[in-house]
Student: 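Quick one: this structure, given as structure tokens, is what I'll be asking you about.
Atoms considered below: every heavy atom in the structure, side chains included; atoms not considered: hydrogens, waters and symmetry mates. This structure is a prediction, so every number in the text was calculated from the model and none was measured. Every chain is numbered from 1, with letters handed out A, B, ... down the list of sequences.
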There are 2 protein chains.
Amino acid sequence: MSTMHDVAQRAGVSLKTVSRVVNGEPNVSEQTRQKVDAAIAELDFRPNSVARNLRTGRIDLVGLALPHLSQPYFSSLAEEIMREAERLGLTVLIELTEGDAEAELALVREHGPHLGGLLMYPVGLSDAQALTVARTVPTVFISERAYDAPVDRVAMANREGVRALVGHMVSLGYTRIAALGADHTGRPERAAAHLRLEGYRDGLRDAGLPYLPDLVLEVGTPHWNRQEGATGMRRLIQAGTPFDAVVAFADALALGALHALQEAGVRVPAEVAVAGFDDTDDARYAHPSLTSIAPGRAQIAREALALLNDRMNGTVERESGRLVVADHQLTVRESTLGGTAAWGGA
Amino acid sequence: MSTMHDVAQRAGVSLKTVSRVVNGEPNVSEQTRQKVDAAIAELDFRPNSVARNLRTGRIDLVGLALPHLSQPYFSSLAEEIMREAERLGLTVLIELTEGDAEAELALVREHGPHLGGLLMYPVGLSDAQALTVARTVPTVFISERAYDAPVDRVAMANREGVRALVGHMVSLGYTRIAALGADHTGRPERAAAHLRLEGYRDGLRDAGLPYLPDLVLEVGTPHWNRQEGATGMRRLIQAGTPFDAVVAFADALALGALHALQEAGVRVPAEVAVAGFDDTDDARYAHPSLTSIAPGRAQIAREALALLNDRMNGTVERESGRLVVADHQLTVRESTLGGTAAWGGA
DNA sequence: CCGACCTTTGACAACGATGAACCTCGATGC
DNA sequence: GCATCGAGGTTCATCGTTGTCAAAGGTCGG
């Protein structure tokens with residue numbers, strides 16, 4: 001590797017002048033600039049970012065702390081964030097927390113000081129711990145849970161999204177709409193479930209439909225997965241409570257429900273309509289393809305990095321909290337329409 | 001952040017002595033060591049890795065270059081590698097190449113010099129380019145394609161795995177076994193398809209069964225996905241060629257095939273058995289759950305990092321090539337047995 | 001023609017750590 | 001008693017950049 005020193009020598013100028021050219025600083029004559037540029041090209045010089053970071057104290061490395069990578073939502077979120085970060089000239093370092101508060105904190109202790117900023121999808125963090133994290137390194141949380149602390153957060157339109165889903169069902173004439181994925185424990189880390197249930201109630205209220213507790217299905221584990229969806233659906237079918245639509249709080253739940261319904265010989269959407277939330281690839285490729293709420297992943301990535309950029313540049317008050325809620329979009333597919341689109345279609 | 005200087009002052013020793021303690025170098029009295037350790041603890045000092053890297057020229061950051069993160073195989077591979085790397089005290093920097101040779105090279109040009117090592121799942125790289133990459137930064141490729149260049153590579157047991165699948169089918173009494181996912185273009189980046197087809201032939205030969213071209217289904221795009229699997233399967237069904245089993249070269253293809261079969265009213269596994277390759281989560285949760293070959297992801301991660309470690313430490317000849325093929329494991333599930341296990345079960 | 005002022009450039013220290021070389025001091029060998 | 005040795009410690013230069021400051025040279029108004 002050639003260094004700035006080599007370039008300076010070759011161009012017959014001082015080190016500092018090369019630095020000026022590289023960083024596009026003013027007060028360099030056009031002639032000098034060209035000489036330096038030529039030398040840079042000839043030597044294939046690239047500034048050593050390690051040395052630069054040491055000198056400036058700035059680091060263009062931002063951490064991305066996620067519980068897992070294997071769940072589609074997280075891997076696609078990571079992809080979006082990496083793409084957006086590249087556009088901003090930032091490098092993303094992904095860290096896995098396993099959804100464990102201890103690991104979340106350890107990560108920040110360990111890597112925090114060497115990161116320029118941090119995007120975190122927290123799971124176990126308490127209000128106080130979230131603040132601790134944000135004080136260690138410029139941080140933006142991507143989380144459905146509201147923190148009682150002055151921290152930045154980007155969230156999905158949980159409530160509005162489900163409300164739109166219910167509205168969609170109503171507009172198609174369905175009236176006995178089940179909710180799948182509720183949580184009644186009130187645990188703060190299940191905030192997404194709570195908000196989505198609120199959205200469900202909003203939707204019913206909009207339509208003047210009654211809220212029927214028998215149609216609200218709780219699921220077990222905190223991970224919304226297909227098995228939980230199938231189990232919940234089977235419970236409803238066996239209970240014999242009549243219903244003509246299912247709004248699941250996650251695509252995985254909806255896919256499980258879909259399976260349980262087909263298993264029971266119920267035709268979707270002819271007899272029962274189903275919709276999910278997240279707009280994962282699995283939803284698109286399901287059979288029938290699944291109506292879902294696209295939570296604006298790209299926007300979440302963009303906004304989160306924008307907020308983080310502000311913090312890294314110090315252009316925002318230190319102990320302040322901002323909230324951005326991404327736009328949602330209703331994506332209608334076969335599971336609520338019964339159209340003739342081929343399997344795997346849009 | 002406190003620096004080594006602060007620690008030295010607090011412990012009443014010189015900077016270098018602190019450095020010795022931190023790095024576990026010899027020639028420090030027990031007494032001094034304790035004083036320094038105490039000071040480190042009190043100040044919560046952590047060595048600035050940026051400065052250290054600058055001085056030593058060593059970096060504990062290894063790149064992981066993958067085409068995507070959204071495909072389950074890659075995200076779970078990434079998880080395994082990150083876990084293993086942590087055990088080795090290495091940090092992993094994930095980079096997305098989109099499967100583009102240009103991007104793969106650009107990445108190496110751009111980040112290569114700042115990485116201690118690189119694990120790459122190459123897609124577009126030619127033999128010569130692979131060598132260029134390996135010369136820029138210590139590199140281990142994770143790839144099914146053999147490179148005609150002295151580079152390290154870790155691969156799956158493509159051929160053996162499919163051979164085992166065919167053997168499994170045969171042992172269950174199936175005799176007209178279709179292969180789904182073949183490639184006849186001969187393009188080197190489709191090496192996995194070629195090897196798996198070889199394994200298919202091996203399996204037939206083992207059993208004394210004839211190779212019937214009509215049962216070998218090529219699929220379109222280079223990405224093995226569900227749609228391609230479904231399309232291929234439909235083609236075979238329509239052709240009317242009798243078959244009683246399908247060995248798909250990827251789980252995604254198998255899932256698509258499963259769908260096409262069910263769509264056509266064919267019962268799996270009662271009428272036709274289906275198996276895949278990769279042992280993804282989707283295979284486990286499919287209905288019926290899918291028999292598959294587990295390619296030894298954990299082992300791949302472990303071996304790849306072991307090879308890379310050697311290179312980073314220079315304990316292996318510079319221009320040399322080593323090959324590790326991971327063990328495969330046949331994972332039998334409902335799609336070939338028709339057992340009574342509940343949907344979503346193991 | 002002089003000082004004020006601006007532009008262009010360079011010398012030098014600094015970021016925080018580590019490696020090389022050197023110093024000190026008590027113990028050891030002959 | 002003197003050279004030698006090794007443990008324990010220090011000092012100083014250095015990695016490759018950027019920030020600070022000052023010097024050199026030019027322009028311009030008075």
Student: Excluding sequence neighbours, so at least two apart, what forms side-chain hydrogen bond (donor to acceptor under 3.5 Å, both in side chains) with A:Arg322?
Tutor: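 By the side-chain hydrogen bond (donor to acceptor under 3.5 Å, both in side chains) rule, A:Arg322 matches A:Asp152, A:Asp310.
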Student: For a quick check, with a 4.0 angstrom heavy-atom cut-off, what is the B/S/- contact string for nucleotides 14-24 of chain C, read 5' to 3'?
Tutor: BBBBBBBB---
Student: Which sits closer to the 5' end of DNA chain D, B:Asn27 or A:Ser49, going by the nucleotide each is nearest to?
Tutor: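 With B:Asn27 and A:Ser49 compared, the 5'-side residue is B:Asn27.
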Student: Under 30°, 30 to 60°, or over 60°: which ring-plane class applies to A:Phe141 and A:Tyr147, parallel, tilted or perpendicular?
Tutor: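 Taking A:Tyr147 first and then A:Phe141, their aromatic rings sit tilted (interplane angle of 30° to 60°).
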Student: Would you check if A:Ile300 and A:Met156 make a side-chain contact, meaning some heavy-atom pair closer than 4.5 Å?
Tutor: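 Yes, their side chains come closer than 4.5 Å.
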Student: Would you tell me if any nitrogen or oxygen in the side chain of A:Thr32 comes within less than 4.0 Å of OP1 or OP2 on C:dT9?
Tutor: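 Looking at the OP1 and OP2 atoms of C:dT9, one of them is under 4.0 Å from a side-chain N or O of A:Thr32.
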Student: May I have the distance from A:Ile59 (atom CD1) to D:dT17 (atom C1'), rounded to whole angstrom?
Tutor: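 These atoms are roughly 15 Å apart.
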Student: Please determine whether the number of non-hydrogen atoms from other residues, nucleotides or ligands lying under 6.0 Å from atom CD of A:Glu98 exceeds 12.
Tutor: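 Yes, because the 6.0 Å sphere around CD of A:Glu98 holds more than 12 heavy atoms from other groups.
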Student: Could you tell me the separation between the NZ atom of A:Lys35 and the C1' atom of C:dT9, rounded to a whole number of Å?
Tutor: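 From A:Lys35 NZ to C:dT9 C1': 11 Å.
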Student: What do you reckon, is CG of B:Asp127 surrounded by more than 12 foreign heavy atoms closer than 6.0 Å?
Tutor: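 More than 12 within 6.0 Å, yes.
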Student: Note the angle between the end axes of the helix from C:dC1-D:dG30 to C:dC30-D:dG1, five pairs defining each, rounded to 10 degrees.
Tutor: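 The end-segment axes of the helix from C:dC1-D:dG30 to C:dC30-D:dG1 are tilted 50° relative to each other.
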Student: How many whole angstroms separate atom CD of B:Gln34 from atom C1' of D:dG8?
Tutor: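 Computing the B:Gln34:CD to D:dG8:C1' distance gives 16 Å.
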Student: More than 12 heavy atoms of other residues, nucleotides or ligands under 6.0 Å from CD of A:Glu86: is that the case?
Tutor: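 No, not enclosed.
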Student: I need the B:Leu43 CG to B:Met4 CE distance, nearest 0.5 Å.
Tutor: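 Separation between the atoms: 13.0 Å.
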Student: Could you state the atom-to-atom distance from CG of B:Asn53 to P of D:dT17 in whole Å?
Tutor: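 Computing the B:Asn53:CG to D:dT17:P distance gives 15 Å.
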Student: Start with the C-alpha distance between B:Arg52 and B:Val22, add both sets of side-chain angles, then the distance that settles side chain to side chain contact (heavy atoms under 4.5 Å, CB included), and finish with yes or no.
Tutor: CA-CA 12 Å; B:Arg52 169 182 290 178; B:Val22 169; 3.6 Å; yes
